[in-house]
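One structure is given below, encoded as structure tokens.
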Amino acid sequence: MSMVSNIKLIDENGLRIDGRKFNELRPIKIEVGVLNRADGSAYIEWGGNKIIVAVYGPREAFPKHTQNPSRAIVNARYNMAAFSVDERKRPGPDRRAIEISKIIGEALESAIFVEQYPRTSIDVYIEVLQADAGTRIAGLTAASVALADAGIPMKDMIVGCASGKVDGKIVLDLNKEEDNYGQADVPLAIIPRTQEVVLLQMDGNLTREEFEQAIEMSKKAALFISNLQKEALLAKYSRPEEKEEVKEEAEQENHGDDDHE
Ligand code: UDP
């Protein structure tokens, strides 16, 4: 949040600089199974954000001393590509990326049935290729889809959205300019099935009423995005080439059985 407030972010018709209404989301597109090497993967475009997620595991945790005998550990790594932002991002983790990795990892851990996989790690790589505000929520939303693609049992796919305050108004899903020059940004993520809040932060200031209004708006949007996640998963398993692959794998397995007989 910047203190600069002489930039007009909402026009006389109540429209935002990208033409959206106060409660309107940016366009969202999710694709599942985009990487062949990963156990699960997803790609999300959310407004100007482009993020790819790869999931590995559950696999034996290494080094061994990190193993937990009663559950899986979840390692999330949020990373911004050097070319993802206007000014070249210095490669490697900074304070912000370490914080985001930690809160995303904790959120995912609360949805995954980690006790089913003792001594293992579940590794989640979130690569931001292009950033335009809201990347932590977009990354977490895509990470949940990638976990589902990897077949990892969860209470539900985590989903979220941010809301904030721009030119004195509460608006949904801030873009880069609104994030930079607005008065507040509140990212929220939930587990739809249980209604648990698994990520909630606030940058800037809101009154209690404004805060409640923002949360209400984000929750409603999250349920809409939850459907996009499910549709993306279904789309993968109804793609003709995927069906072909499944058929080939089945045939190979059958041949394998023949060899043993
Ligand atoms: N950003 C940037 N350089 C950085 C970090 C962030 O240009 O080193 C931009 C980027 O577009 C990001 C936005 O600032 O999406 C908002 O960042 P914030 O820390 O609020 O996280 P986000 O909203 O992406 O979850």
Side-chain angles (χ1 to χ4, degrees), residues 1-5 7 9 16-18 20 22-30 42-53 76-108 124-146 158-167 170-190 197-206 210-211 214-215 217-219 221-222 225 229:
M1 292 306 117
S2 157
M3 292 296 114
V4 185
S5 55
I7 294 173
L9 293 166
R16 297 152 69 178
I17 44 171
D18 55 12
R20 279 186 293 155
F22 75 96
N23 63 348
E24 196 176 333
L25 274 172
R26 292 175 285 179
I28 299 176
K29 211 176 77 186
I30 305 173
Y43 172 67
I44 190 165
E45 285 184 8
W46 181 324
N49 296 310
K50 295 182 178 180
I51 303 171
I52 200 157
V53 182
R77 195 194 67 177
Y78 167 101
N79 182 54
M80 267 186 155
F83 51 80
S84 65
V85 287
D86 282 338
E87 227 171 284
R88 178 180 179 276
K89 161 81 180 61
R90 190 165 174 263
D94 52 11
R95 211 181 68 107
R96 174 177 170 278
I98 293 166
E99 171 207 316
I100 295 178
S101 299
K102 180 174 189 286
I103 55 168
I104 288 180
E106 286 171 359
L108 293 173
V124 182
Y125 299 92
I126 299 162
E127 298 290 334
V128 179
L129 308 177
Q130 188 172 289
D132 195 49
T135 59
R136 72 194 62 204
I137 294 296
L140 176 55
T141 296
S144 287
V145 180
I158 290 175
V159 64
C161 192
S163 290
K165 189 175 174 183
V166 163
D167 280 1
I170 300 301
V171 300
L172 182 71
D173 187 23
L174 277 61
N175 66 26
K176 182 75 167 41
E177 289 73 23
E178 292 173 329
D179 183 294
N180 281 173
Y181 304 112
Q183 293 115 42
D185 182 26
V186 182
L188 168 87
I190 58 168
V197 171
V198 291
L199 187 155
L200 178 60
Q201 298 186 292
M202 182 154 91
D203 186 11
N205 287 307
L206 294 175
E210 288 171 334
F211 178 77
I215 296 300
M217 212 150 66
S218 291
K219 277 191 175 167
I225 302 161
Q229 291 176 307

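Each ligand, and each atom within it, is numbered from 1 in the order the structure gives. In this chain, residues are counted from 1 in sequence order. Hydrogens, waters and symmetry mates play no part in the numbers below; they use all other heavy atoms, side chains included.
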task = For Asp132, take its heavy atoms, then give the atoms of ligand 1 lying under 4.0 Å from any of them.
result =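 With Asp132 as reference, the close atoms of ligand 1 come out as 11 (O), 15 (O).
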task = Considering the heavy atoms of Ala131, write down every atom of ligand 1 situated less than 4.0 Å from one of them.
result =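 The list of qualifying atoms is 10 (C), 11 (O), 15 (O).
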When only distance counts, is [X] in polar contact with ligand 1, meaning an N/O pair under 3.5 Å?
| X | result |
| --- | --- |
| Thr135 | yes |
| Ile100 | no |
| Ile137 | no |

message = Are the side chains of Ser163 and Leu172 in contact, using a 4.5 Å heavy-atom criterion?
response =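 Answer yes - side chains close enough.
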query = Taking the side chain as C-beta and beyond, is there a heavy-atom pair between Phe83 and Gln130 under 4.5 Å?
reply =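 With C-beta onward as the side chain, the pair stays apart.
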ask   = How close do Arg26 and Gly48 get, heavy atom to heavy atom, and via which atoms?
value =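 Of all heavy-atom pairs spanning Arg26 and Gly48, the closest is NH1-N, 4.4 Å.
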ask   = Any idea which part of Arg136 is under 4.0 Å from ligand 1, heavy-atom wise: side chain, backbone, both or neither?
value =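 Within the 4.0 Å criterion, Arg136 contacts ligand 1 through backbone and side-chain atoms alike.
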query = Is it the side chain (CB and beyond), the backbone, both or neither of Arg96 that lies under 4.0 Å from ligand 1, heavy atoms counted?
reply =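 Side chain only.
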For [atom], what's the nearest protein heavy-atom neighbour? Residue, atom name and distance, please.
| atom | answer |
| --- | --- |
| atom 3 (N) of ligand 1 | Val85 CG1, 3.7 Å |
| atom 14 (O) of ligand 1 | Lys176 CE, 3.7 Å |
| atom 4 (C) of ligand 1 | Met80 SD, 4.1 Å |

task = Run the salt-bridge test on Glu99 and Arg95 with the 4.0 Å N-O cut-off and return the result as yes or no.
result =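 Arg95 and Glu99: not salt-bridged.
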request  = Report yes or no: does Asp86 have a heavy atom closer than 4.0 Å to ligand 1?
outcome  =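 No heavy atom of Asp86 comes that close to ligand 1.
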ask   = Just how far is it from atom CE of Met217 to atom CG of Asp173, taken to the nearest 0.5 Å?
value =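 Nearest 0.5 Å value for the CE-CG distance: 9.5 Å.
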ask   = If you round to the nearest 0.5 Å, how far is CZ of Arg20 from CG of Leu174?
value =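 Answer rounded to 0.5 Å: 7.5 Å.
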